[in-house]
Amino acid sequence: MSAAKSQRLLETAHRVMPGGVLGSFTMPEESNVVIDRGFGCLVRDADGREYIDYILGSGPMILGHTHPRVVEAVKDQLDRGTQFYVLNEQAIELADKLVSAIPCAGQVKFTSTGAEATFQALRIARAYTRRDKILRFRGSYHGHHDYGMVGASAGIPAAVNDLVLTADFNDTNGTIAMLERHSADIAAVIVEPIQRATLPAVGFLESLRKVTRALGVLLVFDEIVTGFRLAWGGAQERYGVVPDLATYGKIIGGGLPLAAVAGRADIMEVANPRRRGEQHVYFSGTLNGNPLAASAGLATLAILQESDIYGRIGAVGAQLQSGLRGVAAESDTDMRVLGDPSMIGIAFSPLDDPYDPQTTLGADVRRRATLERELARLGILTNLGAKLYLSSEHQGHHVEATLDAFTKALRAVE
Ligand SMILES: Cc1ncc(COP(=O)(O)O)c(C=O)c1O
C-alpha cells in the first residue's frame with residue numbers, strides 16, 4: 001500500500017463528511033489516520049503503518065481487535081441471519097447473562113447505542129417517579145441526546161435547561177443540598193461512577209445512594225465505560241454501591257452496536273408494552289437485540305468470565321500508569337496521570353488531584369493535542385480527550401514502547 005491511499009481517503013472524507021470525521025473526535029490533521037484493520041492491541045492504517053492502539057474503538061475492544069473466538073461467533077451468526085426484530089436466542093442469552101452479572105439488574109432492555117440507553121433510562125425514571133427533572137454532574141458524558149448535552153452543544157432547546165440540574169462530581173454536600181432543595185421535581189441522578197478519568201472520592205457514591213433513596217429519587221449509574229471493564233460486576237462491584245438503574249454499552253456488544261438499560265424489575269416494568277390500562281414507556285428500536293451484536297457480546301463476556309483478564313489488565317495498566325508518572329516527573333511539563341489502570345486519563349493541569357474533576361476540566365487542551373499528534377507519529381494511537389483504554393492484549397513490551405514514545409513526544413510539548 002502507498003501513502004497515497006490514506007491521502008486519497010482523507011480527501012474524500014473531508015469532501016463528503018463535515019470536518020472529514022465520523023463523530024466529534026478529530027485527530028490532528030498532520031497525524032490523521034484511516035484504519036484498515038486491527039489485530040490484538042494493534043491497528044494498521046491504510047498505508048500499512050502499525051500503531052499500538054489505546055483508543056480500542058472508544059472502549060469496547062477489551063479483548064483487543066479480531067479476537068478469534070469473537071470473530072468465530074460473529075461469522076457463525078452471519079450464516080444464520082443478522083437481524084430479525086423479534087426474539088432470538090442470542091439476545092435472550094445475553095439478557096440472561098447481564099441480569100446474572102449486574103448487581104442492580106432484575107431485568108434489562110436493549111438499545112443499539114449508549115446514548116439511547118441513557119436517554120431511555122431517564123425516561124423510565126421520569127415515568128416511574130412521575131417527576132420531570134434530572135440531576136447530572138458537570139463535565140460528565142452520557143451520550144449525544146439533549147439531556148446529556150445541555151450547555152455543550154448547539155441546537156438544544158432552551159426549555160431543556162429547566163429540566164436538568166448540574167452539580168459537581170465528588171461535591172457530596174453541594175449535591176445533597178441541591179437534591180434536598182429540588183427533590184419534589186427530580187426523577188433521577190445520573191452519574192458516571194468514574195467520571196471520565198476522575199475517580200469517585202471515598203463515600204461519594206455511597207452518599208448519593210443514601211440521599212437518593214431517602215428522597216425517592218432514582219440513582220442511575222452510567223456504566224457504559226465502567227461496565228465489565230473495572231470488574232465483572234463493573235463499578236457496582238468495585239465500589240459496592242447498587243443503583244436503581246444502570247446503562248451499559250461498549251463491551252457488552254463486543255465491538256458491534258449494542259447497549260442496554262438494566263435495573264430493578266419493578267422499575268423496568270414501566271417499559272413493559274403488555275401493561276394494560278396504564279401508559280407505558282415506549283422503548284423500541286429496529287436493531288435492538290439483533291443477534292449479530294448479541295453473539296459478539298456473548299462471546300466477549302464468556303471469555304471475560306472464564307479467564308483472569310481483569311487481573312492482567314490491572315497489572316499491565318498499573319505498570320503503564322506508574323511508568324507514565326515517572327516520565328511526567330522527568331519532563332518539564334505538568335502532565336497528570338489519572339483514572340484507573342484499565343482506563344487511564346492524561347491531563348496537562350496545574351492541579352494534580354485524581355478526585356477533583358477540575359484537574360481535567362481545567363486542563364490545557366492545546367498541549368494535549370500536540371502530545372496526541374506526536375504520539376501518533378511515533379506509532380501510538382490515543383484519544384487523550386477520553387482515556388487510554390487497556391485490553392487483555394497489551395503487554396509489558398507495549399508498555400515499554402509507549403513510555404519511550406511519551407518521553408520523546410513530551411519533548412515536543414515542552
Ligand atoms: C459514560 C458514557 N455514557 C454514554 C456514552 C454514549 O455511548 P454511545 O457513544 O454508544 O452513544 C458514552 C460514550 O462514550 C460514555 O462514555
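Order of listing sets the numbers, starting from 1, for every ligand and every atom in it. Quick caveat: nothing in here was measured; it's all calculated off a predicted structure.
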Next on the checklist: Measuring from atom CG of N272 to atom CZ of F283, what distance do you get when rounded to the nearest 0.5 angstrom?
Outcome noted: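 CZ of F283 is found 12.5 Å from CG of N272.
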Next on the checklist: Would you compute the distance between atom OG1 of T382 and atom CG of L56 and round it to the nearest 0.5 angstrom?
Outcome noted: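 Reported to 0.5 Å precision, the distance equals 11.5 Å.
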Item to check | Polar side-chain atom of H394 near backbone of S391 as donor-acceptor pair, under 3.5 Å | outcome: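 At least one qualifying donor-acceptor pair exists.
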Does anything in [range] form a salt bridge (Lys or Arg N to Asp or Glu O under 4.0 Å)? List the pairs, not counting sequence neighbours.
range            : value
residues 185-203 : E192-R196
residues 297-316 : R69-E306
residues 257-267 : D244-R264, R264-D266

Checklist entry - Using a threshold of 4.0 angstrom between heavy atoms of the protein and any atom of ligand 1, which residues qualify? => result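 Ligand 1 pocket, heavy atoms under 4.0 Å: T113, G114, A115, Y141, H142, G143, E192, R196, D222, I224, V225, K250.
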